[in-house]
Visitor: 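Below is one structure. I have some questions about it.
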Amino acid sequence: MDEEFRSLADRVRAETGGSAAYERLIACADRDELAAVLTEPERPLWAREVAAFRLGVAGDRRAFEALILLLNHRDPERCVSAAYALARLGDPRTARAAAALATNELRTAYALHPVRLLTALRAPESVPALIKTLRPLLSPHSPYWRVAQACIEGLGELGDKQAADVLTEALAHPRLARSAAWALRRIEAGRGRG
């Protein structure tokens with residue numbers, strides 16, 4: 001059991017009180033049985049989360065829709081688990097879906113984990129989505145500086161020259177200036193592409 005799954009299992013055990021249904025699902029190794037949990041009516045969210053996580057980490061694309069819904073959940077711990085599984089799923093739809101979640105201005109409060117997932121995926125959609133997400137967060141009254149910080153760190157990791165302008169704008173923001181300077185140095189040092 002890897003560390004991320006252990007963390008998920010411990011969190012869900014606390015939710016369920018370690019019920020027999022929980023114990024069965026945690027021990028289940030049958031992918032078809034796990035996939036059935038995703039579509040059976042009246043299954044609790046924790047069961048769908050465990051099944052989707054297990055399938056996602058195993059590369060079973062039947063988990064995709066459930067994991068995307070969990071990535072957009074208001075509970076940050078569910079988002080973390082979903083992002084971890086999506087990064088390992090290998091589904092070509094993942095980057096497009098993460099970009100749509102990250103750039104949805106009505107859901108900016110929940111964009112942190114989609115932003116981090118885009119960085120991890122290093123997909124063609126990653127840099128344009130991170131730039132698009134970051135730009136409106138550079139207004140002086142934006143409360144989402146943690147999302148902006150994650151965008152800047154992601155752009156620095158990806159090192160694409162397309163990000164230079166928005167990162168230069170970010171230098172004017174005291175909370176973001178240090179990360180923006182680091183990201184620009186990575187790009188200028190030629191570590192990036194583009």
Side-chain angles (χ1 to χ4, degrees), residues 1-16 18-19 21-130 132-133 144 146-147 150-151 153-155 157-158:
M1 186 184 297
D2 77 7
E3 192 57 41
E4 206 58 45
F5 183 56
R6 185 175 292 111
S7 174
L8 167 64
D10 290 346
R11 175 171 49 82
V12 170
R13 180 182 293 114
E15 276 182 51
T16 67
S19 67
Y22 161 83
E23 297 295 345
R24 272 194 311 275
L25 193 55
I26 291 296
C28 179
D30 183 321
R31 287 192 195 175
D32 290 335
E33 192 175 328
L34 290 169
V37 170
L38 300 178
T39 57
E40 288 171 358
E42 299 181 22
R43 281 291 194 154
L45 179 59
W46 67 262
R48 294 181 199 281
E49 181 182 8
V50 169
F53 182 92
R54 303 268 319 272
L55 290 168
V57 169
D60 190 318
R61 293 183 182 175
R62 291 176 287 184
F64 175 77
E65 287 83 4
L67 289 171
I68 291 298
L69 288 172
L70 289 163
L71 182 65
N72 195 32
H73 200 274
R74 67 179 159 257
D75 178 352
E77 291 180 323
R78 288 200 154 95
C79 298
V80 169
S81 293
Y84 180 87
L86 282 163
R88 284 146 187 81
L89 180 60
D91 191 305
R93 300 170 291 175
T94 301
R96 195 172 341 114
L101 292 175
T103 59
N104 181 345
E105 290 188 33
L106 299 175
R107 301 285 295 169
T108 301
Y110 306 104
L112 182 63
H113 298 290
V115 162
R116 289 181 175 159
L117 177 58
L118 284 165
T119 301
L121 292 173
R122 298 180 149 321
E125 295 89 344
S126 296
V127 169
L130 294 179
K132 184 176 179 182
T133 302
Y144 304 117
R146 283 186 177 87
V147 176
C151 288
E153 290 169 358
L155 291 168
E157 285 295 322
L158 297 171

Visitor: Could you list the residues that satisfy side chain to side chain contact (heavy atoms under 4.5 Å, CB included) with A21, not counting sequence neighbours?
Guide: S19, R24, W46
Visitor: For residues A97 and I68, report the shortest heavy-atom separation together with the two atoms involved.
Guide: CB-CD1, 3.5 Å
Visitor: Please identify each residue that fulfils side-chain hydrogen bond (donor to acceptor under 3.5 Å, both in side chains) with E125, with sequence neighbours left out.
Guide: none
Visitor: Where do L158 and S126 come nearest, in terms of heavy atoms and distance?
Guide: CD1-CB, 3.8 Å
Visitor: Test of understanding: with side-chain hydrogen bond (donor to acceptor under 3.5 Å, both in side chains), list the residues that count as partners of R11, not counting sequence neighbours.
Guide: E49, S81
Visitor: How would you list, by chain and number, every residue that makes a side-chain hydrogen bond (donor to acceptor under 3.5 Å, both in side chains) with E40, sequence neighbours excluded?
Guide: R43
Visitor: I'd like to know if the side chain of R48 reaches the main chain of V37, judged simply by a donor and an acceptor atom lying under 3.5 Å from each other, with no hydrogens or angles considered.
Guide: yes
Visitor: Please find the pair of heavy atoms, one from A87 and one from L121, that lie closest to each other, and give the distance.
Guide: CA-CD2, 4.2 Å
Visitor: Please list all pairs meeting ring pair (Phe, Tyr, Trp, His ring centres under 6.0 Å) that have one or both residues in residues 79-121, counting only residues at least two apart or in different chains.
Guide: F53-Y84
Visitor: Decide yes or no for F64 and L55: does some side-chain heavy atom of the first lie under 4.5 Å from some side-chain heavy atom of the second?
Guide: no
Visitor: List for me each residue that meets salt bridge (charged side-chain N to carboxylate O under 4.0 Å, His left out) alongside R93, sequence neighbours excluded, and say none if there are none.
Guide: E65, D91
Visitor: Who are the side-chain hydrogen bond (donor to acceptor under 3.5 Å, both in side chains) partners of D10, not counting sequence neighbours?
Guide: R13
Visitor: Drop me the distance from L117's CG to T94's OG1, to the nearest 0.5 angstrom.
Guide: 7.0 Å
Visitor: Grab the two heavy atoms, one from A63 and one from G56, that are nearest each other, plus how far apart they are.
Guide: CB-N, 3.7 Å
Visitor: By side chain to side chain contact (heavy atoms under 4.5 Å, CB included), which residues pair with L45, not counting sequence neighbours?
Guide: L70, H73, R78
Visitor: Any salt bridge (Lys or Arg N to Asp or Glu O under 4.0 Å) involving residues 94-117? Give me the pairs, sequence neighbours left out, ordered by first then second residue.
Guide: none
Visitor: In Å and rounded to the nearest 0.5 Å, what is the CG to CG distance from N72 to L101?
Guide: 4.5 Å
Visitor: Which residues pass the salt bridge (charged side-chain N to carboxylate O under 4.0 Å, His left out) test with R62, not counting sequence neighbours?
Guide: D32, D60
Visitor: Are F5 and I26 packed together at the side-chain level, in the sense that at least one heavy-atom pair is separated by less than 4.5 angstrom?
Guide: yes
Visitor: Taking Y22 for its side chain and A14 for its backbone only, find out whether a donor-acceptor pair lies under 3.5 Å.
Guide: no
Visitor: By side chain to side chain contact (heavy atoms under 4.5 Å, CB included), which residues pair with T119, not counting sequence neighbours?
Guide: L130, E157
Visitor: Determine yes or no for a side-chain-to-main-chain donor-acceptor pair under 3.5 angstrom, with R146 supplying the side chain and A109 the backbone.
Guide: no
Visitor: For T133, enumerate each residue passing the side chain to side chain contact (heavy atoms under 4.5 Å, CB included) test, keeping only those at least two apart in sequence or located in another chain.
Guide: A102, T103, V115, L137, V147, C151
Visitor: Quick check: closest heavy atoms across L38 and A66, and the distance to 0.1 Å?
Guide: CD2-CB, 3.9 Å
Visitor: Please determine whether side chain to side chain contact (heavy atoms under 4.5 Å, CB included) holds for the pair L25 and L34, giving the CA-CA distance in whole Å, both sets of side-chain angles, and the decisive distance to 0.1 Å.
Guide: CA-CA 8 Å; L25 193 55; L34 290 169; 3.7 Å; yes
